[in-house]
**Q** 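Here's a structure for you.
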Amino acid sequence: MSHIDEKLQPILSTLLHRNAGEKEFHQALNEVLESVGRVISKHPEYAEEALIERICEPERQIIFRVPWIDDNNEVQINRGFRVQFNSALGPYKGGLRFHPSVNVGIIKFLGFEQTFKNALTGLPIGGGKGGSDFNPRGRSNREIMRFCQSFMMELHRHIGEYIDVPAGDIGVGGREIGYMFGIYKRLTNRYEAGVLTGKGLSYGGSRARTEATGYGNAYFVQRMLGTKGTSFDGKRCVISGSGNVAIYAMEKVLSFGGKVVACSDSDGYVVDDAGIDLELVKQIKEVQRERISEYARLKGSGCHYIKGGSIWDVPCDVALPSATQNELNGGDAKSLVENGVIAIGEGANMPCTPEAVHIFQEAGVLFAPGKAANAGGVATSALEMQQNASRDSWTFEKTEERLAEIMHNIHDACAETAEEYGAPGNYVLGANITGFVRVAEAMRALGIV
Ligand code: GLU
């Protein structure tokens with residue numbers, strides 16, 4: 001608590017107490033409130049009318065039972081969540097995560113981060129997040145479908161194109177969104193395309209949505225490198241994860257002239273000094289839905305798979321953590337710094353621990369926080385909503401152009417705010433303050449609701 005402004009200390013203590021045991025949510029609250037201290041010394045009006053307390057309290061939290069029947073005819077029970085965090089800027093917007101680690105604290109941290117991330121996009125979307133502790137690993141297509149249908153059987157009454165618009169996150173991709181849209185359509189008897197984003201192209205999805213989070217992170221980091229007169233060209237990159245975010249970050253980094261030498265999944269990582277073969281990763285992860293160890297088996301010589309261990313031991317110039325929260329700790333940050341890393345771009349939500357962020361900042365490493373660097377996914381979701389509302393479908397080029405422009409704007413807004421608050425180059429501060437001020441302005445205008 002040492003870096004928190006003293007006016008905010010009692011607020012934070014109450015928050016930690018009221019949300020006892022929710023360690024990821026505590027971490028996100030700490031990080032945001034640390035930055036907000038600087039705003040309220042300059043603009044005390046933002047601390048009036050319990051605005052800080054209101055912004056940290058979700059507007060609504062829904063927790064529900066999800067019963068479903070597996071392929072062995074056994075009844076399974078999971079828990080479903082939707083935290084509708086803030087709707088000052090627009091309908092609640094944010095992904096659904098299906099992963100056994102999911103609990104209310106994780107969904108709250110994600111919803112809280114999402115609120116500021118969405119504000120940073122400059123598009124009219126509030127913040128929310130949801131999901132389930134359902135583990136999709138090893139489940140058949142039919143089991144996934146039955147689970148998605150049961151999940152939506154409850155969720156449908158809480159969402160809508162003007163209410164709350166879910167999308168994907170870990171464990172939820174095009175297949176799951178398709179099953180959920182299908183049952184939503186049947187339950188409501190409405191073809192309400194704008195109720196979910198990340199849809200397939202055949203039923204109202206947007207081009208470039210699949211690529212958007214990874215591409216967006218690469219665009220952000222490219223611009224950040226540009227402030228130091230450099231770029232991805234010729235840089236050695238390590239990208240953790242091998243899901244949607246990691247795969248399309250790799251694709252854009254390659255097109256910027258970078259070389260990706262390692263990627264991972266939750267079991268281990270592969271290092272390929274010749275450069276990761278992106279088509280092979282796509283084949284393994286998107287078509288076969290296999291583990292990344294398959295990469296080393298199929299690729300053979302020149303490449304190795306390390307079970308367990310830390311991908312951050314692999315020397316690189318740029319690291320893009322794109323797997324999950326707290327995947328990169330203080331020790332990992334130290335070895336990256338020792339190996340000469342110059343920039344980090346968070347593709348996942350809060351992948352670096354507070355200690356790791358501190359180490360990077362002390363060492364003068366360029367650091368792009370997730371709520372700014374990975375905002376390209378949700379920004380393109382908002383473009384999907386725009387296309388749905390106008391019954392239009394844009395080309396890939398047009399959509400990507402908008403995405404690049406949005407990422408550049410986010411970068412520049414964060415950099416300018418950091419400068420204005422006396423901390424040039426501090427993108428964490430820049431992102432937190434810019435996002436906070438946009439939400440706070442709207443909340444002040446809307447009164448105490
Ligand atoms: N799950 C993504 C995120 O963390 C995307 C959310 C969305 O498109 O609504 O931002």
Side-chain angles (χ1 to χ4, degrees), residues 24 28 81-87 89-99 102 106-121 123-132 155 159-161 163-174 176-177 180-181 193-200 204-217 220 241 243-249 321-325 327 345-351 368-388 399 402-403 406-407 410 431 435:
E24 291 84 3
F81 302 90
R82 187 72 184 167
V83 172
Q84 299 179 328
F85 220 107
N86 194 299
S87 62
L89 298 180
Y92 309 106
K93 181 81 196 87
L96 298 169
R97 177 177 291 190
F98 291 169
H99 191 272
V102 163
I106 288 188
I107 299 299
K108 264 153 86 176
F109 120 66
L110 289 164
F112 185 63
E113 291 275 303
Q114 196 81 44
T115 300
F116 303 109
K117 181 196 307 195
N118 294 3
L120 280 170
T121 67
L123 299 165
I125 40 179
K129 202 87 186 191
S132 173
L155 189 67
I159 63 175
E161 69 175 309
I163 305 168
D164 182 357
V165 182
D169 196 81
I170 295 172
V172 178
E176 292 73 17
I177 293 292
M180 286 191 270
F181 185 68
V195 70
L196 289 173
T197 62
K199 299 182 295 296
S206 171
R207 292 190 178 78
R209 175 62 190 88
T210 310
E211 294 83 355
T213 313
Y215 276 23
N217 190 17
F220 190 103
N244 187 50
V245 180
I247 287 177
Y248 293 97
S322 308
T324 192
Q325 70 269 0
E327 56 162 306
E346 291 191 318
N349 290 312
M350 210 168 74
K371 65 171 78 64
N374 74 36
V378 74
T380 309
S381 277
L383 302 180
E384 183 172 333
M385 291 161 72
Q386 242 178 75
Q387 291 169 75
N388 295 148
T399 318
R402 284 286 286 129
L403 166 66
I406 292 165
M407 296 316 296
I410 297 175

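Each ligand, and each atom within it, is numbered from 1 in the order the structure gives.
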**Q** Out of A167, G376, G168, whose heavy atom sits nearest atom 2 (C) of ligand 1?
**A** G168
**Q** Suppose we measure from atom 9 (O) of ligand 1 to each protein heavy atom; which comes out shortest, and what is that distance?
**A** K93 NZ, 2.7 Å
**Q** Heavy-atom pairs closer than 4.0 Å: do any link ligand 1 to the side chain of R209, the backbone, both, or neither?
**A** side chain
**Q** Given that the side chain starts at C-beta and the backbone is N, CA, C, O, which of these parts of N349 lies under 4.0 Å from ligand 1, counting heavy atoms, or is it both or neither?
**A** side chain
**Q** The criterion is salt bridge (Lys or Arg N to Asp or Glu O under 4.0 Å); which residues satisfy it with R402, sequence neighbours excluded?
**A** E405
**Q** For ligand 1, which part of K117 has a heavy atom less than 4.0 Å away: the side chain, the backbone, both, or neither?
**A** side chain
**Q** Got the closest protein heavy atom to atom 6 (C) of ligand 1, with its distance?
**A** G95 N, 3.5 Å
**Q** Nearest heavy atom to atom 1 (N) of ligand 1: which of D169, N118, L96 does it belong to?
**A** D169
**Q** Between N388 (side chain only) and G204 (backbone N and O only), is there a donor and an acceptor less than 3.5 Å apart?
**A** yes
**Q** Check whether any side-chain heavy atom of L196 sits under 4.5 Å from a side-chain heavy atom of P166, and report yes or no.
**A** yes
**Q** Just wondering, do V378 and T121 contact through their side chains at under 4.5 Å, heavy atoms?
**A** yes
**Q** Among all the protein's non-hydrogen atoms, which is closest to atom 8 (O) of ligand 1, and how far away is it?
**A** S381 OG, 2.6 Å
**Q** Side chains of E113 and N349: any donor to acceptor distance under 3.5 Å?
**A** no
**Q** Using only atom types and a distance under 3.5 Å, with no angle test, would you say the side chain of K199 pairs donor to acceptor with the backbone of F181?
**A** no
**Q** Using a 4.0 Å heavy-atom cut-off, say whether K129 meets ligand 1 through its side chain, its backbone, both or neither.
**A** side chain
**Q** Which residue pairs satisfy the salt bridge (Lys or Arg N to Asp or Glu O under 4.0 Å) criterion with at least one member in residues 89-99, sequence neighbours excluded?
**A** R97-D169
